[in-house]
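Shown next, in structure tokens, is the structure this report addresses.
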Amino acid sequence: MENRVYNFNPGPATLPLTVLQQAQAELLNYKGTGMSILEMSHRAKEFDEIVLGTEALFKELTGLGDDYRVLFCQGGASQQFAMLPLNFLTQGKSADYLITGSFADKAFKEAKKIGSAQIAATTADDKHNRIPTQEELTLQREAAYVHLTTNNTIYGTEWHYIPQTDAPLVADMSSDILSRPWEYQKFALIYAGAQKNLGPAGVTVVLIRQDMLSDINAALPTMFNYDTFASKNSMYNTPPTFSIYLLQLVLKWVQAQGGLTVLGQQNKEKAALLYEALDEDDFYRGHAQVESRSLMNVTFRLPNEELEKAFVAAAAEIGLAGLKGHRSVGGIRASIYNAMSPQGCETLASFMHDFKKRNR
């Protein structure tokens, strides 16, 4: 569409155009109800179908069965940093945290406020430019759970293996969920803020194995208890209805693309375009070590900050938006989630070549 840019923002991030067009078409009158989803009661049968259908589609795409539930919460991943230990870090138990970036560290610090938690691995000394190996993990055999952040948006690193653990494995997958085929059944709990790879801000998805619901701290306030959401199909109180509706549209789009196998291959090819441009010489310097590079967030520096500012400004002039790196590390960051088209990555790679020629 005219005036649409290639949106490389890290979140809220780009959404599939067809999803936005369908939401636009249904905005005023959803399926003949005479009202918008924005106006509809969450107790209406039409919205009940959306919630249950979205859960079923999520499990279908991830290959999970009836031994899992899909919950729709609020508060983003940041609320899950506290909700997770509130539910499972009961007295006498301790949790392991694998620190590979800023959000993993924030999750650990929240857990420490609530109970006992230890750092089982950290890459802080390497400025979080890599993922630790299995041999580097110092895990407690009786841990309440092991927590990791699968993709680190600020530093541009991603887990490409699933660590072996004796304790239940928990993951913050906010920025790479549904981006590739993955053994989701190896995780006891997964949470993800929707605004990076699933949909709009406002809803947080939690995939939880049913047996975990029996280990919850029963003394919790109602809205901090995962079982409240599971037992009431995420509708104990008014959920973020429009965000869940858009999430379902995105899941249907994922399915229509061919599922995770097709998207996973496409995401590899998109990332390869940008990493090839990085690796030609030393004008661009990628942050992540090669074996730990993210397929979702490509982070790099230029020879100096003045060139980085010029890069962002020149890119914006030709419709390449949102490329400024995180304020804590600077540089450039291209977020290339599922909805970023191959053409967007091709255009950015071409711009990188041209910018280098003009500014060597």
Side-chain angles (χ1 to χ4, degrees), residues 11 58-59 61-64 67-73 75-89 95-111 117-123 128 131-134 136-137 139-140 143-155 157-198 203-213 215 226 260 264 267 292 294-297 337-338:
F58 221 116
K59 290 198 287 187
L61 288 168
T62 53
L64 299 176
D67 52 337
Y68 280 82
R69 291 300 312 273
V70 182
L71 316 178
F72 304 108
C73 306
S78 295
Q79 183 165 302
Q80 294 302 311
F81 296 165
M83 194 165 171
L84 172 69
L86 281 170
N87 277 261
F88 301 115
L89 203 51
D96 288 336
Y97 278 75
L98 311 179
I99 312 300
T100 52
S102 176
F103 294 107
D105 187 55
K106 287 181 179 180
F108 170 70
K109 288 176 178 175
E110 288 295 284
Q118 73 151 10
I119 296 176
T122 180
T123 54
H128 297 308
I131 296 298
T133 64
Q134 178 73 45
E136 292 178 272
L137 312 184
L139 302 172
Q140 305 172 83
Y145 57 84
V146 179
H147 178 281
L148 75 154
T149 302
T150 53
N151 185 74
N152 302 286
T153 57
I154 293 176
Y155 296 97
T157 62
E158 187 172 19
W159 288 77
H160 295 296
Y161 76 96
I162 299 175
Q164 297 178 6
T165 66
D166 293 315
L169 186 59
V170 171
D172 175 0
M173 289 192 187
S174 293
S175 53
D176 66 346
I177 193 167
L178 302 190
S179 65
R180 55 184 169 168
W182 200 238
E183 294 178 283
Y184 288 95
Q185 71 277 7
K186 289 191 174 182
F187 296 87
L189 187 150
I190 295 166
Y191 62 89
Q195 69 275 10
K196 296 180 183 293
N197 216 30
L198 293 177
V203 61
T204 306
V205 175
V206 176
L207 287 78
I208 185 169
R209 204 171 61 211
Q210 293 265 27
D211 64 292
M212 294 288 286
L213 295 170
D215 294 330
Y226 286 123
L260 304 192
N267 286 330
S292 297
S294 170
L295 301 181
M296 297 286 97
N297 308 95
Y337 304 125
N338 284 347

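Values in this document were obtained by computation on a predicted structure and should not be read as measured data.
By the 4.5 Å heavy-atom criterion applied to side chains, Tyr184 and Leu178 are counted as neighbours. Between Leu98 and Trp159, some side-chain heavy-atom pair lies under the 4.5 Å cut-off. At a threshold of 4.5 Å between non-hydrogen side-chain atoms, the residues Asn297 and Ile154 do not count as touching. Side-chain contact check for Tyr145 versus Pro85: some heavy-atom pair is nearer than 4.5 Å. Under the 4.5 Å side-chain criterion, counting only non-hydrogen atoms from C-beta, Lys59 is in contact with Val70.
Considering all non-hydrogen atoms of both residues, Ala117 and Ala111 come closest at CB-CB, 4.1 Å. When all heavy atoms of Ala192 and Ser174 are compared, the pair lying nearest together is CA-OG, 3.5 Å. Closest non-hydrogen pair, Asp215 versus Phe88, comes out as O-CD2, 4.0 Å. When all heavy atoms are compared, the tightest approach of Tyr337 to Ser175 is CE2-O, 3.5 Å. Closest non-hydrogen pair, Gly193 versus Thr204, comes out as N-CG2, 4.0 Å. The shortest heavy-atom contact between Pro168 and Ala188 is CB-CB, 3.7 Å.
Judged by distance alone, the side chain of Gln164 and the main-chain N or O of Gln134 form no donor-acceptor pair under 3.5 Å.
Residue pairs that meet the side chain to side chain donor-acceptor pair (under 3.5 Å) test with at least one member in residues 76-88, sequence neighbours left out, are Gln80-Tyr226. For residues 186-198, the side chain to side chain donor-acceptor pair (under 3.5 Å) pairs, not counting sequence neighbours, are His147-Tyr191, Glu183-Lys186.
The CG atom of Leu189 sits 10.0 Å away from the CE atom of Met173 when rounded to the nearest 0.5 Å. In this structure, CG on Leu86 lies 13.5 Å from CZ on Phe81, to the nearest 0.5 angstrom. For the atom pair CZ (Arg209) and CD1 (Ile190), the distance works out to 10.5 Å, reported to the nearest 0.5 Å. If you take CD1 on Ile208 and CG on Leu64, they are separated by 12.5 Å, rounding to the nearest 0.5 Å. Rounding to the nearest 0.5 angstrom, the gap separating the OG1 atom in Thr150 from the CG atom in Asp172 is 6.5 Å. Leu84 CG to Glu110 CD: the interatomic distance, rounded to the nearest 0.5 Å, is 11.5 Å.
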Next on the checklist: Quick one, Gln118 with Asp96, criterion side chain to side chain contact (heavy atoms under 4.5 Å, CB included). Give me CA distance, side-chain angles, the key distance, then yes/no.
Outcome noted: CA-CA 5 Å; Gln118 73 151 10; Asp96 288 336; 2.8 Å; yes

Next on the checklist: Pair Ile177, Phe58 - check side chain to side chain contact (heavy atoms under 4.5 Å, CB included), show working.
Outcome noted: CA-CA 11 Å; Ile177 193 167; Phe58 221 116; 4.0 Å; yes

Checklist entry - Hey, mind stepping through Phe103 and Asn151 against side chain to side chain contact (heavy atoms under 4.5 Å, CB included) and telling me if it holds? => result CA-CA 10 Å; Phe103 294 107; Asn151 185 74; over 6 Å; no

Checklist entry - side chain to side chain contact (heavy atoms under 4.5 Å, CB included) between Met296 and Thr153: does it pass, once the steps are laid out? => result CA-CA 8 Å; Met296 297 286 97; Thr153 57; over 6 Å; no

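The salt bridge (Lys or Arg N to Asp or Glu O under 4.0 Å) check on Arg180 picks up Glu158, Asp176, with sequence neighbours excluded.
Relative orientation of the Trp182 and Phe187 rings is parallel, given thresholds of 30° and 60° on the angle between their planes.
Side-chain polar atoms of His128 and Thr123 form a donor-acceptor pair below 3.5 angstrom. At a cut-off of 3.5 Å, with distance as the only test, a side-chain donor of Asn152 or Thr157 sits close to an acceptor on the other residue.
Screening Leu139, Asp166, Val170 for a side chain to side chain contact (heavy atoms under 4.5 Å, CB included) with Val146, the sole residue that qualifies is Leu139.
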